[in-house]
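First up is the structure itself, then whatever we jot down about it.
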Amino acid sequence: MSEEVRYDFRRIDKKWQDRWDAAHIFRAADPGEPGSEKPKFYALVEFPYPSGAGMHVGHIKAFSGLEVISRMRRMQGYNVMFPMGFDAFGLPTENYAIKTGTHPRTVTDVNVERFIAQLKSVGFSFDWSRKIDTTETDYYKWTQWIFLKMFEKGLAFRDTALVNYCPHCKVVLSNEDSQGGKCDICHSDIVQKSKDVWYLRITEYADKLLQGLEEVDYLPNIKQQQINWIGRSEGAFVNFGLKDTGEKLRIYTTRPDTLFGVTFMVMAPEHPLIDKYASKIANMADVEAYRAECAKKTEFDRTQMNKDKTGLKLDGLCAVNPLNGKEIPIYIADYVMMGYGTGAIMAVPAHDQRDWEFARKFGIDVIEVIKGGDIEKEAYAGDGEMVNSGFLNGFTNKKDSIRRAIDELVKIGAGEGGVQYKMKDWAFNRQRYWGEPIPIVHCPECGMVPVPYDELPLCLPDMKEFAPGQGGESPLARMPEFVNCKCPRCGKDARRETDTMPQWAGSSWYFLRYIDPHNNNCLADEKKLEYWLPVDWYNGGMEHVTRHMIYSRFWHKFLYDIGVVPTDEPYAKRTAQGLILGPDGEKMSKSRGNVVDPLDVVDEYGADVLRTYVLFMGDYGSAAPWSPSSIKGCKRFLDRVAGLEAICSGSGGISKDLESSFHKTIKKVTEDIDGMKFNTAIAALMTLINEIYDKKSVTRDELSIFITLLNPFAPHLTEEIWEHIGGKGLLSLAKWPEYDEAKTVDSTVEIAVQVNGKLRGTVKIAADAAKDEVIAAAKADEKVASFVDGKEIVKEIYVPGKLVNIVVRG
RNA sequence: GCACCCGUGGCGGAACAGGCAGACGCGCCGGAUUUAGGAUCCGGUCCGAAAGGGUGCGGGUUCAAGUCCCGCCGGGUGUACCA
């Protein structure tokens, strides 16, 4: 029961897709090639993971934004690069491969092919000659190359650490991949495990990543999320004495000026000094019991017990305040984390709510050092005069007192100012098969030796059985032909690293490879990088603005520092699209059964209706529910566009009575596309077509302008009409219409007339009429007059072209 | 808990930079066409008979507030014992 269509989209869609393909019209010109003299525009959308489920309507919306902008830019005379590729390493493919006994290579190839066919069926103007796939050796050769460069510079290193481990996926996860204590992929509870793992020293770039945000044009909330993620805080490291040991207990605090308010210390349960001085701790058995209890707690429990502090006093160990020599008890408690700062804190219960709660529970003194709150009721974190604080007494400005405290600490050698980041080094390895092999050899003589550059790519060996090993060993470890090798440095027997890189590796630099995807000599040619960088506009999902974007900015900044890329920031501008929700207003998911398949939509309505609807359904940056009935509005609109041909007079310019409408619409559509306000751009075209139909005829010039403006949204139908009315060449290559500002204003305007702020009438008057004239006309209005007559006029306000407000009294 | 964003008809959403709230679309109502239904076309559609009232609630600033300020209530996103 498919609905009647006014135009044969099945034939038309295919016809134009084939013609664009054959003419290679979306191929970007590299420097030196014809077309490269135009200004360049590099539009980037997040490349998809080619899942077996195929495309999702969310992909369509994500790509359609820059698709429309790219098509408009081409028509405006830009040399546009709008590439597409596939981020194809990763667990879903591997898990599917294991389940079905198919090799992940095969699975990936099949999925990629399907994605390409689907993307083409929607008519996206991607430059397919630049297609990349992160799992191809030609690509990951350079992923490995970058890794080795980082290794050389000491930014890739191995360390033993407590890691987040997913027992289900059998992999080590970064903090980013295990938020909330759940595995990002399978949502199982993760556990802590001690392991020797690879890290990338992203923390070394923390400040650069923060500072770089000042020079880029990201949406404000995107910048804010990155700032929060980096989580820079300024404070001081303070060394407390550890009584009778000669040892220092080092802590980090943002408020060193509250040192006189310290009444206890807290160490994380795992703190190494506990073991070192275990012999001095009288209640070590209790300590061990508490530690065991903490280790059992899942993240979820810890969150639930947010308010209920637990802990234990260390009997026999005692800290000494470096400023006043006071002895201070030491506790262990799991509200202090080993992973942040030094794993120990000075507790100032009067001015920190967590410390306050702990002090209450354990009956510890609370000493006020900042006036202004009621420390009997709760901790006071505000500003105020310093008291009970020796040389700090009397300070009222936080900045000054902190500086004074740090100066004193430095003077007596008990500490110094310091900076901390929430961001941690990036755990950079997985014990899985379907990823880039880490190109390192472990030699008993030489230690860790990089695989020589001329031996890259280090190919992933073909395996039949690639399920992860028990205990989380990489499947590659089961393959002696891969593992056993000669040390590149000394030639003796050695073992290859068997871990692979995490999913985020390949996507950290893909935008560079698009610039020169087939280069065998370097990751991309210098001249081409110089020409194309930075990415002018990057659009993607909010879920990637921290992890993926920070990782890729880090890689890019590193490549800049070693002279490989010419810009220090990769992306000049970043925006994000909102989700498409299911018709029920919930997030689309298979389990809810509310998933809309874009191909079903293409099948029923054609690509142009799908493209138009995903942009018309609401504000591009906000989530909006899919509406199976609302999409009909877009179908009707395009049917009406197809119907314009029948009322086309065949000749003539823009008719007088539609002139300002056309100029206004050109302006509105152009500006709205630039501002990603696609919904109102389409609405403006709908308004214009309604005006055209009111007139019952359209000139050839009017029709040309109309379909040119609509082309980025509905390229197939508009190409077809263009051909019918004898347009030269392809509409996709036509010139974008320009408007005359002077013609966007009407000669007569309708002015709202208010009396005391209430609308009482309207007057039509020449747009350039003087204030007096307009007000006189307003007063002449019968209804207005009835509200004004016999009253004292206090004020007359005239907003040119808009409104008159007559303020009366009495 | 903290940070940011958002609350507008039956629905999705418009409203530059404080200036006619509800553009555009869906749905709905009526009419035309049709054997009928669908599709299409035309008209109507914030509430109210009207005066008037309307942008989550309560205050404020202003000639004028969806928009600015203060305090609530509700929702979303991010982050979470970060010292």
Side-chain angles (χ1 to χ4, degrees), chain A residues 1 3-6 179-180 220-225 227-229 231-233 235 251-255 258 266 268 299 302-303 305-309 333-337 339-348 351-355 357-358 420-424 542-543 545-546 578-579 581 585 613 616-619 621-634 636-637 639-640 643 668 671 677 679-690 693-694 750-762 794-808:
Chain A
M1 47 167 265
E3 293 172 7
E4 187 205 343
V5 283
R6 285 273 280 273
Q179 284 172 39
N221 53 333
I222 294 176
K223 269 192 197 182
Q224 194 56 50
Q225 275 195 37
I227 290 168
N228 292 345
W229 192 262
R232 183 190 151 97
S233 85
I251 60 97
Y252 175 74
T253 176
T254 53
R255 292 303 300 266
T258 60
V266 186
E299 285 286 333
R302 283 202 180 189
T303 319
M305 291 191 273
N306 217 336
K307 291 270 147 56
D308 191 20
K309 299 277 180 291
D334 67 354
Y335 80 91
V336 171
M337 309 288 145
Y340 184 80
T342 62
I345 62 159
M346 62 178 218
V348 184
H351 306 291
D352 182 291
Q353 190 58 27
R354 293 157 303 178
D355 298 346
E357 282 159 16
F358 193 86
Q420 278 291 301
Y421 300 92
K422 288 188 195 175
M423 190 168 71
K424 310 256 188 3
M542 278 310 287
E543 70 276 20
V545 309
T546 47
L579 290 177
L581 306 173
Y613 178 61
F616 181 67
M617 57 197 297
D619 173 59
S622 311
W626 182 272
S627 163
S629 59
S630 247
I631 192 173
K632 288 182 190 152
C634 289
R636 279 178 204 148
F637 169 56
D639 280 344
R640 278 157 70 80
K668 173 106 181 122
E671 290 177 354
K677 295 164 82 173
N679 52 340
T680 50
I682 295 165
L685 289 167
M686 289 172 167
T687 307
L688 183 59
I689 204 173
N690 290 343
Y693 269 105
D694 284 345
E750 196 179 67
I751 297 207
V753 183
Q754 299 181 332
V755 178
N756 285 352
K758 284 200 167 66
L759 185 69
R760 296 304 182 190
T762 58
V794 182
K795 212 173 192 178
E796 292 169 337
I797 286 143
Y798 174 50
V799 183
K802 298 246 163 158
L803 163 147
V804 166
N805 189 11
I806 301 169
V807 185
V808 299

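Convention: sequence-line order gives letters A, B, ...; per-chain numbering from 1. Quick note: numbers below take in every heavy atom, side chains included, and nothing from hydrogens, waters or symmetry partners.
Between Arg760(A) and the phosphate of A64(B), there is no side-chain N or O to OP1/OP2 separation shorter than 4.0 Å. Close to C41(B), at under 4.0 Å from its OP1 or OP2, lies no side-chain N or O of Arg636(A).
If you take atom C1' in C69(B) and the same atom in G22(B), they sit 26 Å apart, rounded to whole Å. Comparing the P positions of C26(B) and G43(B) gives an interatomic distance of 14 Å, to the nearest angstrom. Nucleotides C20(B) and C4(B) place their P atoms 30 Å apart, quoted to the nearest Å. As rounded to the nearest Å, C5(B) and C68(B) have P atoms that lie 11 Å from one another. Taking the P atom of each, G10(B) and G48(B) are spaced 10 Å apart, rounded to whole Å.
In this structure, Met346(A) and Ile631(A) both approach RNA chain B, and ranking their closest nucleotides by distance from the 5' end singles out Ile631(A). Both Asn756(A) and Arg255(A) lie near RNA chain B, and the one whose nearest nucleotide falls closer to the 5' end is Asn756(A).
Base pairing in RNA chain B yields stems of at least 3 consecutive Watson-Crick or G-U pairs, both distances under 3.5 Å, namely B:1-7 with B:73-79, B:10-12 with B:24-26, B:27-32 with B:40-45, B:56-60 with B:68-72.
G9(B) takes the syn form, because its glycosidic angle lies no more than 90° either side of 0.
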Tabulate atom names and distances for all N/O pairs under 3.5 angstrom spanning the protein and nucleotides 18-24 of chain B.
| unit_1 | atom_1 | unit_2 | atom_2 | d |
| --- | --- | --- | --- | --- |
| C20(B) | N4 | Glu750(A) | O | 3.4 |

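Looking at heavy atoms from C-beta onward, Phe616(A) lies in side-chain contact with Met686(A) at the 4.5 angstrom threshold.
Of the N and O atoms on the side chains of Gln225(A) and Asn221(A), not one donor lies less than 3.5 Å from an acceptor on the other residue.
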